[in-house]
Amino acid sequence: MAIERTLSIIKPDATKRNLTGKINAKFEEAGLTIVAQKRIQLSKAQAGTFYAVHKERPFYDELCEFMASAPVVVQVLEGEGAIAKNREVMGATNPADAEPGTIRAEFAESVGENSVHGSDAPETAAEEIAFFFAGLEIVG
Ligand code: ATP
Ligand code: MG
């Protein structure tokens with residue numbers, strides 16, 4: 001399988017509970033390497049642009065408010081099949097459906113406040129990485 005890069009976000013519910021280190025440990029234990037990382041505060045407008053694909057969904061406004069409610073940690077994860085592997089480590093969107101041992105099973109508070117975001121395909125990974133990082137900030 002090819003070496004890929006994917007965009008990960010540790011969401012406000014997790015940064016507020018000081019879970020950055022525990023979540024990063026899950027990525028590293030799964031063989032993913034954190035090749036870029038920064039803690040930032042999104043505005044509601046920036047969150048809205050990032051999640052524009054969901055703008056017709058009923059939870060869009062709530063999602064944008066939440067993503068701007070506290071700092072997030074944005075990161076690029078690299079490894080073999082990193083896009084799918086990251087989503088495996090994250091677990092299902094709704095923590096009630098997430099496999100035991102996944103980040104969302106262990107840490108998520110609800111379907112909305114679910115601790116992490118991960119890109120879902122090579123095209124979105126490339127777009128989402130470019131949304132947050134310049135090439136020089138990614139050190140593999
Ligand atoms: P993400 O894109 O954040 O990695 P995902 O791909 O598992 O999550 P999506 O369907 O893309 O899930 O939804 C994006 C985000 O919108 C979810 O992670 C969650 O924070 C929020 N969300 C999804 N469904 C709901 C819902 N029914 N109610 C509230 N918020 C939701
Ligand atoms: Mg998604």
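Computed from a prediction, not measured in an experiment: that's the story for all the values here. When a ligand or atom number is given, it counts from 1 through the structure's own listing order.
- Under the side chain to side chain contact (heavy atoms under 4.5 Å, CB included) criterion, Arg57 pairs with His54, Phe59, sequence neighbours left out.
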Enumerate the pairs of nitrogen or oxygen atoms, one from ligand 1 and one from the protein, separated by less than 3.5 angstrom; state names and distance to 0.1 Å.
from     : atom 1 : to     : atom 2 : distance (Å)
ligand 1 : 2 (O)  : His117 : ND1    : 3.0
ligand 1 : 3 (O)  : Lys11  : NZ     : 3.0
ligand 1 : 3 (O)  : Tyr51  : OH     : 2.8
ligand 1 : 3 (O)  : His117 : ND1    : 3.1
ligand 1 : 4 (O)  : His117 : ND1    : 3.0
ligand 1 : 4 (O)  : Gly118 : N      : 3.0
ligand 1 : 4 (O)  : Gly118 : O      : 3.4
ligand 1 : 6 (O)  : Arg87  : NH1    : 3.2
ligand 1 : 6 (O)  : Arg87  : NH2    : 3.1
ligand 1 : 7 (O)  : Thr93  : OG1    : 2.5
ligand 1 : 7 (O)  : Arg104 : NH1    : 3.2
ligand 1 : 8 (O)  : Arg104 : NH2    : 3.3
ligand 1 : 11 (O) : His54  : NE2    : 3.0
ligand 1 : 12 (O) : Thr93  : OG1    : 3.4
ligand 1 : 18 (O) : Lys11  : NZ     : 2.9
ligand 1 : 18 (O) : Asn114 : ND2    : 2.9
ligand 1 : 20 (O) : Lys11  : NZ     : 3.1
ligand 1 : 20 (O) : Gly112 : O      : 2.8
ligand 1 : 20 (O) : Asn114 : OD1    : 3.4

Please tabulate, one pair per line, all N/O donor-acceptor pairs under 3.5 Å involving side-chain atoms of residues 80-94, not counting sequence neighbours.
from  : atom 1 : to     : atom 2 : distance (Å)
Lys85 : NZ     : Ala30  : O      : 3.3
Arg87 : NH1    : Gly118 : O      : 2.9
Asn94 : OD1    : Ala96  : N      : 3.0

Return all side-chain donor-acceptor pairs below 3.5 angstrom for residues 120-127, not counting sequence neighbours, or 'none' if the list is empty.
from   : atom 1 : to     : atom 2 : distance (Å)
Asp120 : OD1    : Thr124 : OG1    : 2.8
Thr124 : OG1    : Ala121 : N      : 3.1
Thr124 : OG1    : Ala121 : O      : 3.0

What's the verdict on side-chain contact (heavy atoms from CB on, under 4.5 Å) for Leu19 and Ile103, showing C-alpha distance, side-chain angles and the deciding distance?
CA-CA 10 Å; Leu19 292 170; Ile103 292 168; over 6 Å; no
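- A donor-acceptor pair under 3.5 Å links the side-chain atoms of Glu137 to the main chain of Ala134, judged by distance alone.
- No side-chain heavy atom of Phe107 sits less than 4.5 Å from a side-chain heavy atom of Val116.
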